[in-house]
2 protein chains.
Amino acid sequence: MERLILSLRQRTAVAYIHEYTLKMGNQKLYKGSLQTIILKLLVSNDKMYGYEITQKVKELTKGELQITEGALYPALHKLEADGLLEVEVAKVGNRLRKYYKLTESGAKETASKLAEMHEFLRTMQQLVNPKFSLE
Amino acid sequence: MERLILSLRQRTAVAYIHEYTLKMGNQKLYKGSLQTIILKLLVSNDKMYGYEITQKVKELTKGELQITEGALYPALHKLEADGLLEVEVAKVGNRLRKYYKLTESGAKETASKLAEMHEFLRTMQQLVNPKFSLE
DNA sequence: AACTATACATAAGATTCATATGCATCATAA
DNA sequence: TTATGATGCATATGAATCTTATGTATAGTT
């Protein structure tokens, strides 16, 4: 993130300019699957914090899916509010981290959401599969 | 669709009540894929009209995906406005049908969208695949 | 001193779809 | 013959979900 320093009399205003990586054309296809992705990661990794999730997803998808913070944090807050995740705040150095983990009800919901996801993938696979071009 | 007849002096007001089939829990996962589905069907079927598309999708997905009219018609209009589809109006009996078919540019765009879809499915498959639970 | 990465957060707007409604024709069942 | 369901088009309103943009702060690297 770039930083611009603007002198204003005795005061100093600091404007932060975030940089964004280019998005793939198919980013919009991921709409609706964010919750499931987060939950699935927490099945595999027990506990994770927000920034870690974005990095893990980027790594696992070889950069194809970039979870934006504006999507991630509200999603985490909602999952927590719905009782699917619980938070544990940790201080690392002088920095804050919020670790999320599945609750019992969250684990159940994850199984359900993963089943739906598999069904969706199977169905969509068939719809766009060239083998079905005869239909 | 049920019909209610209401007598109003000499005039007759008719109210139509549409009935809706129950949606699957994973309907929201399809968000973002409607255009691709329509285009793909038009590769396989040359020309189709709106209602036919909804029925075909219902059939192909064994009822799992129900394209609503509120989603379909605006989508068709947009694809037409973008020059990907062209319309041919037909009269069947006393009834109107609007047949849609791919334009040249629409065929190209379809190939591109299908490639994105396959990439998406592959990536998502890996993300939620149990084999990756060790990550 | 500046820049990059790490780490949280929210507000405003865009996109995409579901819901609800409206209108009309045609076939079939009551 | 009348009611109903299926066929066929359409749009408006709102909900959900994300992108974009911004704000703040610490820590390491150039």
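Reminder, nothing fancy here: chain letters follow the sequence lines and each chain counts from 1. Source: prediction; values computed, not measured.
Remark: side-chain polar atoms of A/T123 are not paired, donor with acceptor, to backbone N or O of B/T61 under 3.5 angstrom. Counting only distance, with no hydrogens or angles, the side chain of B/S112 and the backbone of B/K108 share no donor-acceptor pair below 3.5 Å.
Distance NZ (A/K56) to C1' (C/dA7): 18 Å, rounded to an integer number of Å. Taking atom CD1 of B/I17 as the reference point, atom P of C/dA24 lies 17 Å away to the nearest angstrom. Between A/L76 atom CG and D/dC18 atom P there is a gap of 12 Å when expressed in whole angstrom units. Rounded to whole Å, atom C1' of C/dA18 lies 14 Å from atom NZ of A/K31. Following rounding to the nearest Å, B/I67 (CD1) and C/dT16 (P) show an atom-to-atom distance of 15 Å. Protein atom CD of B/Q55 is 10 Å distant from nucleotide atom P of D/dA6, rounded to whole Å. Rounding to whole angstrom units, OH of residue A/Y51 and C1' of D/dT26 are separated by 13 Å. When rounded to the nearest whole Å, the span between CD1 of A/I53 and P of C/dA9 equals 11 Å.
On a pure distance criterion of 3.5 Å, no polar donor-acceptor pair joins the side chain of B/Q27 and the base of C/dC17.
A/G50 comes within 4.0 angstrom of the backbone, heavy atoms only, and of no base. Contact annotation for A/G70: base contact, defined as any heavy-atom pair under 4.0 Å involving a base atom. Residue B/T54 is classed as having no contact, given no heavy-atom separation below 4.0 Å to the nucleic acid.
Comparing A/K28 and A/L96 by the nucleotide of DNA chain C that holds the closest heavy atom to each, the one mapping nearer the 5' end is A/L96. Summary of the strand contacts: A/R97 and B/G93 both lie near DNA chain C, and taking for each the nucleotide with the nearest heavy atom, the more 5' one is attributed to A/R97. Residues A/N94 and A/G32 each lie close to DNA chain D; by heavy-atom proximity, the contact nearer the 5' end of the strand is made by A/G32.
A/Y73 has no side-chain polar atom (N or O) that falls below the 4.0 Å cut-off from OP1 or OP2 of C/dA9. Phosphate proximity of D/dA27 to A/R95: absent, as no side-chain N or O sits under 4.0 Å from OP1 or OP2. Using a 4.0 Å cut-off, no side-chain N or O of B/T68 falls inside it from OP1 or OP2 of C/dC17. Residue A/H77 places at least one side-chain N or O closer than 4.0 Å to OP1 or OP2 of C/dA9. Close to C/dA9, at under 4.0 Å from its OP1 or OP2, lies a side-chain N or O of A/K98. Between B/Y49 and D/dG8 there is a side-chain polar atom (N or O) within less than 4.0 angstrom of OP1 or OP2.
Salt bridge annotation for B/R122-B/E119: present, with a cationic side-chain nitrogen under 4.0 angstrom from a carboxylate oxygen.
If you check the side chains of B/Y100 and B/E52, you find no donor sitting under 3.5 Å from an acceptor.
Only at 4.0 angstrom or more do the heavy atoms of residues 79-91 of chain B sit from any atom of DNA chain C, so none qualifies.
Under the 4.5 Å side-chain criterion, counting only non-hydrogen atoms from C-beta, A/K101 is not in contact with A/L85.
Judged as a ring-ring contact (aromatic ring centres under 6.0 Å, His included), and not counting sequence neighbours, A/Y51 has no contacts.
For the pair A/I37 and B/M124, the tightest heavy-atom approach, listed with the atom from each and the gap, is CD1-CE, 3.8 Å.
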